[in-house]
Number of protein chains: 2
Amino acid sequence: MLSYFRKNIPVGIDDCVGNESEKEVLMMRMYEEHEYCKKPKEPSRLYRIGMFAGMNHVTVKTLRHYDEQGLLKPAYVDEESGYRYYQVSQIADLHQILALKNVGFNLEEIKEIQMGKMDRTQLIRKKQEILGELSRLTDKLAQLESYLAGESLNLSAPVLVKSLPEVTVASMQTVVKSYDALFDAMPKMGEEMERLGCVCAQPEYCFTHYLEPGYKEEQVRIETCEAVTERKEDSELIQFKVFPEVKEAACIFHKGSYNDFSKSYAVVLKYIEENGYEICGNIRESYIDGVWNKESEKEWLSEIQIPVCKIGRQ
Amino acid sequence: MLSYFRKNIPVGIDDCVGNESEKEVLMMRMYEEHEYCKKPKEPSRLYRIGMFAGMNHVTVKTLRHYDEQGLLKPAYVDEESGYRYYQVSQIADLHQILALKNVGFNLEEIKEIQMGKMDRTQLIRKKQEILGELSRLTDKLAQLESYLAGESLNLSAPVLVKSLPEVTVASMQTVVKSYDALFDAMPKMGEEMERLGCVCAQPEYCFTHYLEPGYKEEQVRIETCEAVTERKEDSELIQFKVFPEVKEAACIFHKGSYNDFSKSYAVVLKYIEENGYEICGNIRESYIDGVWNKESEKEWLSEIQIPVCKIGRQ
DNA sequence: CTTGACTCTCCCCTAAGGGGAGACGGTAGC
DNA sequence: GCTACCGTCTCCCCTTAGGGGAGAGTCAAG
């Protein structure tokens, strides 16, 4: 505590300077000689920005930015050179800013805190924010893990959880002997829809709705649906119905022949399990490209949509 | 699957168009009539950007951005109007982009993945990234909790963990009867340093180093240190030494009389405990503003620095 | 032909600074 | 007093993943 001797150095310029006399006092202090220090002209209690930055492990740019934002004004700014001079006691203020930034507050919020507009509720709100971010991040991690577990297989056909909007459809229930017979009834349905004056919705959305959960080898009860712009009169073959919105559905695109559907099912079901979801609705298979517009089976495209919800979150 | 009938629609334009014949084919398909749909001029397999965006729960801006970045080029762009047209099969590509984004990849990385520059190591690196972010976030949470626990007390004098750089000091060991006698030996030390030709380091750093851990009421062995530019010859009173860098030190600023030091100690020690640190070095008290330059005790400023390390991380 | 809904490009904006250019300021050595 | 060198100033552009809007052109329906 050698500076102990310097009792008679003029003091009291804690507030930011504004007039000439204050400036003079500050400059006097800057050039005051230490009792024994051999660098008499080095400012002793006022530091230029580079030194102040170095003392506090921050960059010059950062200090200038805080000055601009009004978070930490230098104790004194030379009018002609524009040089910023900082006091040692401002370390504490900077310290506070850095600590608040560490907790996740942004500069705007920190400024409000400085102005005293800070209460418990804001701290709690920030805590909620962090918790939310934390859960989002753990979700990401789980998905990444599932990618890592499944090799690159599911990188080209990834699972995405999205919502399915409400949709009005023309539907036709059938029981097909096997999955192969799935498309047999379709021509009839097309004719019937044309007869009833149906207009297809845009974008087109044509899918098979599996009416029973689980996998059965035969006697599969399904519903063939096509989105339409409005309900028409029900006929013997066709009923109109509205599917309510599905908040979350795990979806995967399947490219290629329908014989390989099981692979895509494996991927999406694994995803559901590994990411803490459970199936909470009947599965839809949406047909996008197929024999009607693609010559090669390899170009066929479908989407499997499985309504899910997070376990425990009902 | 009503579009089943449309077997004879020209196909095979999966690649992005470039020449005139391809364009014509595409436009043909756009204006193709459905068998039964009543909006014959509505494009059937090509969608404009708004529709394509709506189908996929993304914004138009996003699609345009992906186009610019080369992540998802529209299947066809009208040369005169500049309109972007998307194919249904591109939903799968968009799907992949969104899924990768969900896992935390940025657009640049996604582009690399699309180009096949993707291997397991990158997935693992991304996982490490997420884990790091996760631990940073839990740290934030812990600090926030400690703020919440301590009311607003420590918001004005927050604890910050930072590094202390290597420093060369002149030191003088003494045993003081009580903390009150701490400053008694200082004038002597100042004179001696002057005699030895010491030059104070800039910025000034003058502190008491407590040589024994724990708190003792009397017979405190301390070391008074002042940073200097270079070593000089040791004298009977003064030795020169180099403090190595301290990687992590929990620091707190203390404003006001030294009688209240215990309060600041309480705050910082609580912080250390609550944030999973432990003390791993001797405590320093750095004196910044004091009786030598401030009239009012309220303006005195000191900093308590406690070397710490994360428990378990050595 | 008009209207309204869509789309285009172009420009500026975000948070917290980073990087650099060109011009001064301050100090040290000669 | 001159020069070299470092520190600092302001000003400008850049980062991500798009958002907002202006002004102009397009598309389909009445």
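Just so it is clear: chains get the letters A, B, ... in the order the sequence lines come, proteins before strands, and each one is counted from 1. Note that the coordinates shown come from a computational prediction; the quantities given were computed from them, not determined experimentally.
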- [ ] May I have the distance from B:Arg84 (atom CZ) to D:dT26 (atom C1'), rounded to whole angstrom?
- [x] 14 Å

Task: A:Lys232 atom NZ, neighbour heavy-atom count above 12 within 6.0 Å - done: yes

Open item on the list: For A:Tyr85 and A:Tyr76: C-alpha separation, side-chain torsions, deciding distance, then whether ring-ring contact (aromatic ring centres under 6.0 Å, His included) applies.
Closed with: CA-CA 5 Å; A:Tyr85 293 93; A:Tyr76 163 66; 5.7 Å; yes

Task: Distance, rounded to the nearest Å, where A:Arg48 contributes CZ and D:dG7 contributes C1' - done: 6 Å

Task: Length of the line joining B:Tyr85:OH and C:dT7:C1', which is rounded to integer Å - done: 9 Å

- [ ] Please state how far atom CE in A:Met51 lies from atom P in D:dC6, giving the value in whole angstrom units.
- [x] 16 Å

Task: Spacing between A:Tyr83 atom OH and D:dT10 atom P, to the nearest angstrom - done: 11 Å

TODO: Do nucleotides 13-22 of chain C as a string where each nucleotide becomes B, S or -: B if the base has a protein heavy atom under 4.0 Å, S if just the sugar-phosphate does, - if no protein is that close.
DONE: ---BBSBB--

Task: Rounded interatomic separation in angstrom, taking CG from A:Asp67 and C1' from D:dT10 - done: 13 Å

TODO: Decide whether a cation-pi geometry holds between A:Lys126 and A:Phe105; the criteria are a distance under 6.0 Å from NZ or CZ to the six-membered ring centre and an angle within 45° of the ring axis.
DONE: yes

TODO: Before giving the answer on ring-ring contact (aromatic ring centres under 6.0 Å, His included), spell out for A:Phe52 and A:Tyr86 the whole-Å C-alpha distance, their side-chain angles and the decisive distance to 0.1 Å.
DONE: CA-CA 7 Å; A:Phe52 193 71; A:Tyr86 292 86; 4.6 Å; yes

- [ ] Provide, to the nearest angstrom, the distance between the CD atom belonging to A:Glu79 and the P atom belonging to C:dG25.
- [x] 14 Å

- [ ] Take atom NZ of A:Lys111 as the centre, draw a 6.0 Å sphere, and report whether it contains more than 12 heavy atoms from other residues, nucleotides or ligands.
- [x] yes

TODO: In plain terms, say whether B:Glu303 and B:Lys162 are close enough for a salt bridge, that is, a side-chain N and a carboxylate O under 4.0 Å apart.
DONE: yes

Open item on the list: What is the distance, to the nearest angstrom, from the CD atom on B:Glu80 to the C1' atom on C:dT9?
Closed with: 17 Å

